[in-house]
Amino acid sequence: MMEKIKSLAEAITLVKDGDVVALQNMATQAAPMALVRELIRQDKRQLGLVVLVGGMAVDWLAATGVINRLIGAAVSMEQFGLCQQYRKAVEHGRIRVEEISETILNARLGAGARNLPFLPTRGGIGSDLIALNPDNLKMLDDPFGGFPVLACRALVPDVALIHAHRADRFGNIQYEPTVLWPDIGIMPKAAKKVIVSVEEIVDSDMLRRHPDRTILPGFMVDAIIEVPYGAHPTSFPPNYGYDSRFHRAWTKVSRDQEATTAFIERHVLVPGTQQEYLDAAGGKPVLEKVSRWEEN
Amino acid sequence: MMEKIKSLAEAITLVKDGDVVALQNMATQAAPMALVRELIRQDKRQLGLVVLVGGMAVDWLAATGVINRLIGAAVSMEQFGLCQQYRKAVEHGRIRVEEISETILNARLGAGARNLPFLPTRGGIGSDLIALNPDNLKMLDDPFGGFPVLACRALVPDVALIHAHRADRFGNIQYEPTVLWPDIGIMPKAAKKVIVSVEEIVDSDMLRRHPDRTILPGFMVDAIIEVPYGAHPTSFPPNYGYDSRFHRAWTKVSRDQEATTAFIERHVLVPGTQQEYLDAAGGKPVLEKVSRWEEN
Amino acid sequence: MGSDWRNSPDAADYSVDELMVSVLADQFHNGDQTTNGMASFIPVAAFMLARLTHAPDLIWLASSGGLDPRPDRIPASTLEAPLWRDSIMYIDQYTDFWNFVLNGRWIKKFCVGAAQLDQYGNANNSVIGTDYHAPRVRLPGTAGLADMGSIGKKLYFWNPNHSVRSMVEKVDFRSAAGYLDGGDARQRLGLEGGPQLVVSNLAVMDFHPVSKKMRLKSVHPGTSLEEVQAKTGFDLLLPEDPVPNTKAPTQVQVDLIRQSIDPDGMRKREFRHHT
Amino acid sequence: MGSDWRNSPDAADYSVDELMVSVLADQFHNGDQTTNGMASFIPVAAFMLARLTHAPDLIWLASSGGLDPRPDRIPASTLEAPLWRDSIMYIDQYTDFWNFVLNGRWIKKFCVGAAQLDQYGNANNSVIGTDYHAPRVRLPGTAGLADMGSIGKKLYFWNPNHSVRSMVEKVDFRSAAGYLDGGDARQRLGLEGGPQLVVSNLAVMDFHPVSKKMRLKSVHPGTSLEEVQAKTGFDLLLPEDPVPNTKAPTQVQVDLIRQSIDPDGMRKREFRHHT
């Protein structure tokens, strides 16, 4: 099988300006933050972002002008509040939001994954979401005579960015047993290219001990990068929880443009390696704290 | 939570004459054979059977006149050949076959599970299957201007019959890590009632050790029955393989009506318990042999 | 523990979040299944209270992902792993969660908040302002609420900040269908279910069975009909005179909330002025 | 082991199943992904041979469920657990298998048998006879073949019993779309892919690029053009004169099949007269 190990920099060169990028995320969970930081370091522009429920990753990409449109169901850092940089960018018209519900997003990505022109849902009918997206959402009569459905046009992102627990060097991707969010379940299967950061790269024989935990076959994966704590400051159960101190620090600076710039400089642009990033975020004591996620 | 433990006889009284019954099965694999035998013992009539790839279970239900229609993609015992009793019943018009492909069946059941009037597929387009099923399959223009799709009408079976590795008494169902066939993935979710035989009933705390292995929540399950080797003579990996001697015995008798009747009498009607059934099938030596499934 | 809660006297001392939790808990019964998403401290407290009192068999899908979990208290997030500890099933969301929810038979009740709610129970969590693409406030977004509004679910809204800004005549953007323009507008689209109850920090409201307009059901102790109407951006329909008071939580309920369910007071987070 | 297979001399002694396996193995290359269903001994032997010779990186989804397995030999079933031993991934069929297959980018080649195949590569595994509901012979059914025929896959048919009964002018029932009525009939329905090759116990056939009629490509050593045509229920298009002989397997290929891949001779099962 083909080897897929790449450096962060090499992997992210697969993302081109203007691409539609699908991002794993769930408010404070499971975002491939190392990949996101590399998007910013490589100064990508005019990316469209597909996200189920975006959190700090979206805020950073908004703050640095990397994205100019978003297709998704929500953006929030849950108990840490609204994403202020994202909010400001939308309010000023710098990011255009194509808001869709969760079943609409699942249907659009599901159709993309299955090479179907659309999938139907009954979710969202009667809402203003439909008029907002006439190119991608159309009411459709049931050919069997029942009530109409909402046809959701296939969405095929150019690249999906994912974080996972482990991979072998051929790009077979495993997840530890945990709740599986919809983005990991469908986004990478719909995308043309898939980039995966993992907590560790292991020998294939390790994966063969638990073939039920493999969530993506190597043939679907274009690049893997070993990045321990690659989802920090978001949580990645069962390995670690979200970093509440880091989230609070961001929510504090993110209402102020200068403080935001300094924060991005310090936490995104300056650190040249994951270790330097983790050190800037507080180093070992912080990693030990997030590993005790049960306490949150 | 509500207790769901029932006897075989109690559970199968949930199946009514004329019902559409979804049956887990895959040629020589994973059929809930104890439930099937109870259908025969209770002399059910005019059942419609939904099956992805049926095997000996279908042949028995055909031989005993339990079913008069079948919705499915194939019926075969793979290396043991055609199901002769089923074949004869179809050739004589006693069973009407609504043949659909795998993606059509998945779409019909998926729509049933999700309360959608239909789901589309591109599978089957250009085949004669479509003209065969005008009530349930219709070509549908893509509202976004692409090529047409095949709309597959929702299918909601009255009952699904399933075999699994373990359950707690509240009907939470677990599967050991193995390849998951589509019927276990979707059939029970589409059906109005779900009856599950399991290798063993365990304490809920056992299930909580591996929540990722739970495939059906208790609230979807109407009855569970503990039936060790409940899939015999089909295989149930990783616990046991198919019983090739038993399959050969059936394929030998099934071309002859008298021998078929005697076989059904001996293996289905006479045994009053699972233990008596297993004894009639060869008892402990046979169970030891099928447990060494790697040898097949 | 569940046996004496109903005969327990009204709590001598309770806060409005505890009242709201007890009112919402009453809506969830044995055999129901329900689920919660993010920032749902009040609904989660209500589910946990129901399970500890009248509905031990209420089935709860925590964070929409962990079935029948055993958190020892409400943690700092209702979406994160601590809430779904010791689940009996981890849900694959793409495959299963929406299968379970979309299926008409399961998870029929959903408890949720909305930044704006209008007189027909339409909800807005998307934008404040009339230009969607340059809004005055960009809110989080509809998430799964637009789905829940259209697929036959009974919706129970909670609103910790009842005001003319949150209770409006017409939502700026309809993130999720309530009763649309009222009357039989839902039925005409084939939509079943719909908003059932609105539990705010001032009152409890339901919807008129024909016009589908929001109707006052009870006013919380310490509030008045006049205050509720003054803080509502449209004319509330009124029930028979006099408007009843919302029943106070019992002492057992309040003790359970404070001591077992939410000792850290997470339920107070969404209230503008912590109560 | 894979290095010297191509320079190895033609096998001195081989049977037609081994010839068919070697011809089919040639169709699967490094980087391809493929899969097999039930009773697929010849295709599985071909995949295993390809992986041991020219295509070590051929990706194989055994039994449509176990990725990159390590069976030590072909077991008695190509659908059962012994074939998917030591997989690196267990596939959830409803969720993933059809996602992978329907997606235009993966698993582009499928190797399959058909009870009847007609001059345009349409396949019948459903019924023999003209009355579908009272057929002369009820066959197993289309299974996934009707899907594979319509979703852009390249189909490689194998036929162990080339005869006027299996190679017919028009199939009794079109279980799966081939080139339909020929020409651009597939394109008009938006169907990509289609039948590529038919490898029988007598010959190898492909399809004319314009008319889409089946065309003789090579005749197996020991057979003749006349025999092939006599056992075919329609007029085969002919290539340039003279019709070439099918290349024999090499000695290394035959040794691999007999000694490593299929020492139990499972591949011979579907042949009417074991070869």
Side-chain angles (χ1 to χ4, degrees), chain B residues 26-29 52-54 72-76 78-79 82-83 86-93 95-97 99-104 106 109-110 121-129 132 146-148 150 177-186 235 237-238 241-242 244 293-296, chain D residues 37-39 63-66 75-82 84-85 87 90-95 97-98 101-102 122 124-127 129 132-152 171 173-178 180 185-186 189-191 266 269:
Chain B
M26 195 75 190
T28 55
Q29 293 171 38
L52 181 76
V53 178
V75 175
S76 157
E78 210 204 355
Q79 72 268 38
L82 292 176
C83 289
Y86 162 77
R87 179 189 153 179
K88 196 163 66 178
V90 175
E91 290 164 7
H92 288 77
I95 294 177
R96 191 177 172 88
V97 182
E99 185 172 346
I100 51 183
S101 73
E102 296 189 20
T103 69
I104 295 173
N106 286 348
L109 291 168
T121 182
R122 295 272 299 156
I125 294 178
S127 78
D128 286 342
L129 300 171
L132 202 62
F147 283 106
L150 182 64
T178 183
V179 166
L180 281 176
W181 302 115
D183 44 11
I184 191 71
I186 191 64
S235 64
Y242 56 94
S244 53
W293 58 265
E294 294 93 339
E295 293 170 12
N296 274 308
Chain D
M38 60 180 169
S63 314
S64 309
S77 160
T78 64
L79 199 65
E80 284 272 4
W84 77 64
R85 276 178 79 168
S87 293
Y90 287 156
I91 306 291
D92 179 331
Q93 288 248 333
Y94 176 70
T95 317
F97 175 70
W98 285 110
V101 173
L102 291 167
N122 301 300
N124 177 15
N125 275 335
S126 299
V127 291
Y132 179 87
H133 291 295
R136 196 147 50 75
V137 182
R138 175 65 232 190
L139 299 166
T142 190
L145 183 53
D147 300 306
M148 295 293 186
S150 308
I151 54 174
V171 286
F173 184 86
R174 196 187 282 163
S175 304
L180 307 171
R186 275 184 77 86
L189 281 172
L191 308 183
M266 296 297 172
R269 285 200 160 190

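Only this structure's heavy atoms are used, side chains among them; waters, hydrogens and symmetry mates stay out. Below, read A as the first sequence line, B as the second, and so on, with proteins coming before strands; counting in each chain starts at 1.
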**Q** Answer whether the closest heavy-atom distance between the side chains of B/E294 and D/P82 falls below 4.5 Å.
**A** no
**Q** Do side-chain atoms of B/R96 reach the backbone of D/H133 as a donor and acceptor pair under 3.5 angstrom?
**A** no
**Q** Under 4.5 Å heavy-atom distance to chain B, tell me which part of D/R136 shows up: side chain, backbone, both or neither.
**A** backbone
**Q** Heavy-atom distance under 4.5 Å between the side chains of B/L129 and D/F173, does that happen here?
**A** yes
**Q** With a 4.5 angstrom heavy-atom cut-off, could you sort out which part of D/T78 is near chain B: side chain, backbone, both or neither?
**A** both
**Q** Answer whether the closest heavy-atom distance between the side chains of B/R122 and D/S150 falls below 4.5 Å.
**A** no
**Q** Looking at D/R269 and B/E78, does any basic side-chain N land under 4.0 Å from a carboxylate oxygen?
**A** no
**Q** Please look at D/S126 and chain B and tell me whether the side chain, the backbone, both or neither of the residue comes under 4.5 angstrom of a heavy atom of that chain.
**A** both
**Q** With the side chain counted from C-beta on, respond yes when D/L145 and B/S101 share a heavy-atom pair under 4.5 Å apart, and no when they do not.
**A** no
**Q** Please evaluate residues D/L191 and B/I125 with respect to the criterion side-chain contact (heavy atoms from CB on, under 4.5 Å), reporting the C-alpha separation (whole Å), side-chain torsions for both, the decisive distance (0.1 Å), and the verdict.
**A** CA-CA 8 Å; D/L191 308 183; B/I125 294 178; 4.0 Å; yes
**Q** Can you find a pair of side-chain heavy atoms, one from D/Y132 and one from B/V97, that are under 4.5 Å apart?
**A** yes
**Q** Quick check on D/A39 against chain B: is it the side chain, the backbone, both or neither that has a heavy atom closer than 4.5 Å?
**A** both
**Q** Do the side chains of B/V179 and D/F97 get nearer than 4.5 Å, heavy atoms only?
**A** no
**Q** At a 4.5 Å cut-off on heavy atoms, which part of B/T178 comes close to chain D: side chain, backbone, both, or neither?
**A** both
